Enquirer: 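Questions regarding the structure given below will be posed in turn.
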Number of protein chains: 2
Amino acid sequence: MKQPGGIANKLSELGYRLTPQRIMVLSAIEDSDNHISVEEIYAQIVAKYPQVNISTVYRTLELLKRLGLVTETDLGGGRVRYHSAEKGHHHHLVCQECGAIIDLDESVLSSLKDTLLREYKFIAGLRHLAIFGRCVNCSR
Amino acid sequence: MKQPGGIANKLSELGYRLTPQRIMVLSAIEDSDNHISVEEIYAQIVAKYPQVNISTVYRTLELLKRLGLVTETDLGGGRVRYHSAEKGHHHHLVCQECGAIIDLDESVLSSLKDTLLREYKFIAGLRHLAIFGRCVNCSR
DNA sequence: TTTGTATTTGCAACTAGTTTCAATAAAAAC
DNA sequence: GTTTTTATTGAAACTAGTTGCAAATACAAA
């Protein structure tokens, strides 16, 4: 099929089968520079193999998400997007006025995480969060 | 119909019509102690007026959300719930293991808001956030 | 290489939520 | 109280995502 990347290796290590459909979903995510949507993944696959069903794409993403190999982020307007967990965690500031997306380093949320752990004994996931609001340009 | 609460007054002040359907949605939200789901609101309405359509409930919630009169929170598993904005803002820690929901005061996120404003010139909404992770009992 | 089997897939039916549009009814004007 | 205007509603069609199940196939074992 195609050279399997890091996610594919982990999948088979965990005992899941490496089907062509799964490899195509993995490639689409790994080859994508930024975040990729279900439609984009599906379009990419159908272009080569039209018989592949969209439900397989949804199921594969659900699996990858559950195993923590991929992170899902809601960047607003129901636009859920996917990203390889291998490429590191980060967060986004999403402007609800102009739609601008500002990337945010993971460290910005670390003091919040500490507070929650100390005061509420709660281990916050916060791997890939979208914070909605207004950017500089739109707040004037 | 029914004694209109604070939200109803604001709606008509803003020039929106006070229909029986809207008043019923408002009452359901205002009368609910905690967060209420679409199905719960709809079930409550249909019990009295079976001819009311679910799309009207969705449209009313969309309107109230847009006007900031009601806050929407995703408490996990696609279970979106609604809450009167008049009753104050707060946040939730949701345990992905046992489903426990811990309420969190708004102030816990104020230092994060400050940081985002100072370092990124971004005005974060963060009115009603759900943070996913693991509670004390499940993290052992 | 062939066989066996449990996992995975495609398909079709289903659910939640959205949208379009003609009919209805709030609220303003008379 | 009646008429007029235009926002709002109900109905039905539509879209995105999910689920059940029989058929297909990845992979282990022979």
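Computed from a predicted model, the values in this text were never measured in an experiment. In what follows, chains are A, B, ... by sequence order, proteins preceding strands, each numbered from 1.
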Enquirer: For the helix from C:dT1-D:dA30 to C:dC30-D:dG1, what angle separates the axis at the start from the axis at the finish, each from five pairs, in steps of 10°?
Expert: 30°
Enquirer: In whole Å, what is the span from the CG atom of A:L14 to the P atom of C:dT8?
Expert: 11 Å
Enquirer: Please list all pairs meeting side chain to side chain donor-acceptor pair (under 3.5 Å) that have one or both residues in residues 57-73 of chain B, counting only residues at least two apart or in different chains.
Expert: B:S55-B:R59, B:E62-B:K65, B:K65-B:E72, B:T71-B:H128, B:E72-B:Y82, B:T73-B:H128
Enquirer: So, A:R134 side chain and A:E97 main chain: donor-acceptor pair closer than 3.5 Å or not?
Expert: no
Enquirer: Taking all non-hydrogen atoms of both residues, which atom of A:V94 and which atom of A:A130 are closest, and how far apart?
Expert: CG2-CB, 4.2 Å
Enquirer: What string of B, S and - do you get for nucleotides 19-30 of chain D 5' to 3' if you count protein non-hydrogen atoms under 4.0 Å?
Expert: BB----BBS---
Enquirer: With heavy-atom distances below 4.5 Å as the criterion, would you say the side chains of B:C135 and B:L93 are in contact?
Expert: no
Enquirer: May I have the distance from A:Y49 (atom OH) to C:dG10 (atom P), rounded to whole angstrom?
Expert: 13 Å
Enquirer: Which atom pair, heavy atoms only, marks the closest approach of B:K48 to B:P50?
Expert: O-CD, 3.6 Å
Enquirer: Show me the pairs that pass ring-ring contact (aromatic ring centres under 6.0 Å, His included) and involve residues 97-123 of chain B, at least two apart or across chains.
Expert: none
Enquirer: Are any of the side-chain heavy atoms of B:L63 and B:R22 separated by less than 4.5 Å?
Expert: yes
Enquirer: May I have the distance from B:L63 (atom CG) to C:dT18 (atom P), rounded to whole angstrom?
Expert: 14 Å
Enquirer: How do A:T60 and B:E62 order along DNA chain C: which one's closest nucleotide is nearer the 5' end?
Expert: A:T60
Enquirer: Per the salt bridge (charged side-chain N to carboxylate O under 4.0 Å, His left out) rule, what does the pair list look like for residues 101-121 of chain A, sequence neighbours excluded?
Expert: none
Enquirer: Nearest-Å distance, CE (B:M24) to P (D:dG10)?
Expert: 8 Å
Enquirer: Would you find a donor on one side and an acceptor on the other, under 3.5 Å apart, between the side chain of B:T115 and the backbone of B:S111?
Expert: yes
Enquirer: Tell me, do A:E86 and A:I7 make a side-chain contact under 4.5 Å, heavy atoms counted?
Expert: yes
Enquirer: Could you tell me the separation between the CD atom of A:Q51 and the P atom of C:dC11, rounded to a whole number of Å?
Expert: 8 Å
Enquirer: Do A:H92 and A:L75 have side chains that approach each other closer than 4.5 Å (heavy atoms only, starting at C-beta)?
Expert: yes
Enquirer: Would you tabulate the pairs of protein nitrogen or oxygen atoms and nucleotide nitrogen or oxygen atoms of nucleotides 14-17 of chain D closer than 3.5 angstrom?
Expert:
unit_1: D:dG17; atom_1: OP2; unit_2: A:Y58; atom_2: OH; d: 2.1
unit_1: D:dG17; atom_1: O5'; unit_2: A:Y58; atom_2: OH; d: 2.9

Enquirer: Between atom CD1 in B:I23 and atom P in D:dA7, what is the gap in whole Å?
Expert: 19 Å
